[in-house]
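Here's the structure, in structure tokens; my notes come after.
Since the structure is predicted, the reported quantities are computational estimates derived from the model, not experimental observations.
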Amino acid sequence: MRATGAFLVVVIAFATPAQAQDVEPPEAAETQDEQVRRLASEGAALYRDEAYAAAFEKLDAAYRLQRVPTLARFSASCLEKMGRWVEAADRYLEATRLPLPDEKREVHEEAQGDAAELRRLLLPRLPNLLLTVNGDPSPIVTLDGEPLASARLGTRVAVDPGLHHIEVKASDGRVEKRELTAVEGKVNTVEITFEAPQAPEPSPPAPDPLPPAPAKPVDPPADEGTHAFVVAGWASLGLGAAGLVVGGVAGGVLLGLDGELAEACFEDRCLPERESDVGRYNTLRGVTTAGFVVGGVGLATGLTLLLLAPHDAESEVAVVPWIGPTSVGLRGRF
């Protein structure tokens, strides 16, 4: 009842000067005082009907036109009824600090006293938010869409009762969001921690390099004994073949000379002019004999050595002798 009565006092306070004036023609523009009185009267009626949001619009508009303690006090009451307690506390405080007008001074002074008392009763009921952010030195914080200074982190921040939305963005772009229902008269704590970025997983170790391909087995070098047998065998065959060639050639010449001497000699006696042929005959006979002896021994020795030399099981050994009209030899495969 006191609040409604006070409203009527406010309206009367603004309406009294207008009653002493003549009524303006309808087409005349509304003066500022008239506009303030109209808005205050409409706001008082809405407040009496508990239409607090609409009442605040009227009273706040009047207060912006004329900043006096009465309009500040009653517009703050509308804010309190609407649940906007932080703004209401600030408006109550503002009402106590406004200068008192000369006209209707007692009414405005009483409004200042009411504003101070209402603020004193409201402050303990205000919820507080205690927000802490860990893991980031310079986060960007918004409370209900409005920026919250980093200096307010870790300190109590007065908020209205009810639901609030908190968003914290870390310097590396990560975002954390929270919802909080603030409880009257309580310190509502919210803690947000940004974990340290995880180190990238180490790359899997490179596979071990493939082992080198086994070296192709190399046939062991021929045994020195084998090499000696083969060399000696072929040398003996060569010597034997040469001996046979020499013996064969000398034998062929010997046969021709023997026919000539047979006609010129009788009972191992030859004509004197044939003595040189006799000497040549004896020499050729010795050469022939020696050649065939050396050839036979060389061939036999060479074949023996080649046949005794170690060889692969898959290899074949074949030696074939040959005799030509004026030469003899061996043909072989090992």
Side-chain angles (χ1 to χ4, degrees), residues 1-127 144 158-164 181-185:
M1 292 299 294
R2 178 183 175 186
T4 304
F7 267 122
L8 295 177
V9 170
V10 171
V11 172
I12 293 172
F14 287 107
T16 302
Q19 291 175 353
Q21 297 176 359
D22 296 332
V23 178
E24 297 290 339
E27 65 274 5
E30 189 177 40
T31 65
Q32 180 173 312
D33 289 342
E34 291 173 337
Q35 188 176 2
V36 169
R37 285 192 298 272
R38 177 179 58 79
L39 291 171
S41 176
E42 292 173 355
L46 291 169
Y47 188 93
R48 186 178 55 250
D49 294 338
E50 299 183 355
Y52 301 115
F56 174 75
E57 289 185 4
K58 300 293 185 178
L59 295 173
D60 185 62
Y63 176 64
R64 293 179 185 279
L65 293 173
Q66 198 168 65
R67 292 184 178 274
V68 292
T70 50
L71 293 175
R73 175 254 189 269
F74 289 109
S75 61
S77 293
C78 291
L79 289 171
E80 183 177 354
K81 295 290 186 180
M82 294 162 60
R84 294 162 63 175
W85 291 2
V86 175
E87 294 177 80
D90 291 341
R91 183 67 63 90
Y92 282 136
L93 180 61
E94 189 175 341
T96 64
R97 294 177 176 178
L98 290 173
L100 293 173
D102 295 331
E103 189 173 349
K104 302 295 182 181
R105 185 181 183 90
E106 297 81 4
V107 174
H108 294 291
E109 190 173 6
E110 183 181 353
Q112 281 187 331
D114 288 345
E117 178 64 13
L118 292 172
R119 183 173 186 273
R120 185 186 67 81
L121 296 174
L122 177 61
L123 288 179
R125 300 172 58 199
L126 281 173
D144 297 325
V159 294
D160 296 329
L163 184 63
H164 296 276
T181 301
V183 179
E184 176 181 340

Closest approach of [X] and [Y], non-hydrogen atoms and distance?
| X | Y | result |
| --- | --- | --- |
| Ala95 | Arg73 | CB-N, 4.0 Å |
| Pro99 | Pro69 | O-CD, 4.0 Å |
| Arg120 | Pro124 | O-CD, 3.2 Å |
| Leu122 | Trp85 | CD2-O, 3.6 Å |
| Ala115 | Thr96 | CB-CG2, 4.1 Å |
| Ala55 | Gly43 | CB-O, 3.6 Å |

Flag side-chain contact, heavy atom, 4.5 Å: [X] against [Y]:
| X | Y | answer |
| --- | --- | --- |
| Val68 | Leu98 | no |
| Asp144 | Val159 | no |
| Leu39 | Leu71 | no |
| Lys81 | Tyr47 | yes |

Taking [Y]'s backbone N and O only, do any of them form a donor-acceptor pair with [X]'s side chain (distance below 3.5 Å, no angle check)?
| X | Y | value |
| --- | --- | --- |
| Gln32 | Leu65 | yes |
| Gln35 | Ala62 | no |
| Asp160 | Val86 | yes |

Rounded distance [0.5 Å steps], [atom1] in [X] versus [atom2] in [Y]:
| X | Y | atom1 | atom2 | result |
| --- | --- | --- | --- | --- |
| Thr70 | His108 | OG1 | NE2 | 4.5 Å |
| Cys78 | Glu50 | SG | CD | 11.5 Å |
| Leu100 | Glu106 | CG | CD | 9.5 Å |
| Asp90 | Arg84 | CG | CZ | 11.5 Å |
| Asp114 | Tyr92 | CG | OH | 9.0 Å |
| Leu93 | Leu118 | CG | CG | 13.0 Å |

Notebook entry, point to check: Would you call Glu42-Arg38 a salt bridge at under 4.0 Å N-O?
Noted result: yes
Checklist line | Pairing of Arg67 and Glu94 as salt bridge, 4.0 angstrom limit | finding: yes
Next item on the list: Mark yes or no: Arg91 above the aromatic ring of Phe56, with NZ or CZ under 6.0 Å from the six-membered ring centre and no more than 45 degrees from the axis.
Entry: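 No; the conditions do not both hold, so Arg91 does not lie above the ring face of Phe56.
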Next item on the list: Answer yes or no: are there more than 12 heavy-atom neighbours, outside Asp102 itself, under 6.0 Å from its atom CG?
Entry: no
